[in-house]
Amino acid sequence: MLLHAKQANDMHAGEVYGEKSILATETREFHSLFLSLSDKRDRSLSIINEIRENLSTRLAEAEALKTTAEQEKLQKEESAGKALIEQEVLMDMVVQESKKIQQEAEENVKLRDFLVDRGHVIDMLQGEVAVISEDVRMLKEKVDSRLPISKGLSMSQMSGDFIIHIS
């Protein structure tokens, strides 16, 4: 019985030892798998960190571009506002100049009308002066010829526009 118990113990010990050997192998495989998974996890974390850094850099660049674009927009709006004000000032000046030119044109029309009217008066005066000059010339001839003055009255004397007073 002792022999049988010893054989049973040896057999059981062999089974335990074999199972221990299998478990040790499985433990090494699990450890190897764990190390592999840990390495993959570390590489994934490294890639995720690289992606995060790239995205952070791109975000910073995008924000810088946005800020620059907003500044350019503000500068362009300011420049456009100044240009608009300048154009409005120039337009006001043009309008004022146009009004001034229109006023001068109206004054020119009035002056032209005045000059045309005075031209007619001058034309009439020239005609009368020509008649008077002719009368004076004829009078001088009569005086020089010692002819009586009452003969040969001119048209101006007949119409009553010109009267000679002799004293």
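For this chain, numbers begin at 1 and follow the sequence in order. Predicted model, so just to flag it, every value in this text is computed and none were measured.
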Undergrad: Output yes when Glu134 and Arg137 qualify as a salt bridge under the 4.0 Å nitrogen-oxygen rule, no when they do not.
TA: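 Salt bridge: yes.
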
Undergrad: Charged N to carboxylate O below 4.0 Å: is that the case for Glu86 and Lys82?
TA: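 Between Lys82 and Glu86 there is no salt bridge, as every charged N stays at least 4.0 Å from the carboxylate O atoms.
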
Undergrad: Report the distance from atom NZ of Lys40 to atom CG of Leu45, rounding to the nearest 0.5 Å.
TA: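 Nearest 0.5 Å value for the NZ-CG distance: 14.0 Å.
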
Undergrad: Looking at CG of Asp39 and OG of Ser44, how far apart are the two atoms once the value is rounded to the nearest 0.5 Å?
TA: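 That separation rounds to 9.5 Å.
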
Undergrad: Are any non-hydrogen side-chain atoms of Arg41 and Leu37 less than 4.5 angstrom apart?
TA: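 Heavy-atom side-chain distance check fails, nothing below 4.5 Å.
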
Undergrad: Counting only heavy atoms from other residues, nucleotides and ligands, does the tally under 6.0 Å from CD of Glu97 exceed 12?
TA: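 Incorrect, the count does not exceed 12.
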
Undergrad: First locate atom NE2 of His4, then atom CG of Leu2, and finally report the distance between them rounded to the nearest 0.5 Å.
TA: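 Nearest 0.5 Å value for the NE2-CG distance: 11.5 Å.
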
Undergrad: To the nearest 0.5 Å, what is the distance between CG (Leu90) and CD (Glu88)?
TA: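 Going from CG on Leu90 over to CD on Glu88, the span is 10.5 Å.
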
Undergrad: What residue pairs, at least two apart or across chains, pass side chain to side chain donor-acceptor pair (under 3.5 Å) with a residue in residues 20-30?
TA: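 Qualifying pairs, neighbours excluded: Thr25-Arg28.
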
Undergrad: Could you list all the side chain to side chain donor-acceptor pair (under 3.5 Å) pairs where at least one residue sits in residues 56-67, not counting sequence neighbours?
TA: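 For residues 56-67: none.
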
Undergrad: Would you say Glu77 has more than 12 foreign heavy atoms packed within less than 6.0 Å of its CD?
TA: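 Count over threshold, so yes.
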
Undergrad: Supply the atom-to-atom distance Leu139 CG to Asp144 CG, rounded to the nearest 0.5 angstrom.
TA: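 Between atom CG of Leu139 and atom CG of Asp144 there are 9.5 Å.
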
Undergrad: What verdict does the side chain to side chain contact (heavy atoms under 4.5 Å, CB included) test give for Asp113 and Asp117, after you've listed the backbone C-alpha separation in whole Å, the side-chain angles of each residue and the deciding distance to 0.1 Å?
TA: CA-CA 6 Å; Asp113 290 344; Asp117 185 48; over 6 Å; no

Undergrad: Does the distance from a Lys or Arg side-chain N to an Asp or Glu carboxylate O, for Lys6 and Asp10, drop under 4.0 Å?
TA: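 Here Lys6 does not pair with Asp10 in a salt bridge, since their nearest N and O are not under 4.0 Å apart.
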
Undergrad: In this structure, would Leu55 and Ile47 fall into the same cluster of hydrophobic residues linked by side-chain contacts under 4.5 Å?
TA: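 Looking at the clustering, Ile47 is in the same group as Leu55.
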
Undergrad: Do Val129 and Gln126 come close enough that some side-chain heavy atom pair is under 4.5 Å?
TA: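 No. Closest side-chain heavy atoms not under 4.5 Å.
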
Undergrad: When rounded to the nearest 0.5 angstrom, what distance separates CD in Glu107 from NZ in Lys100?
TA: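 Nearest 0.5 Å value for the CD-NZ distance: 10.5 Å.
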
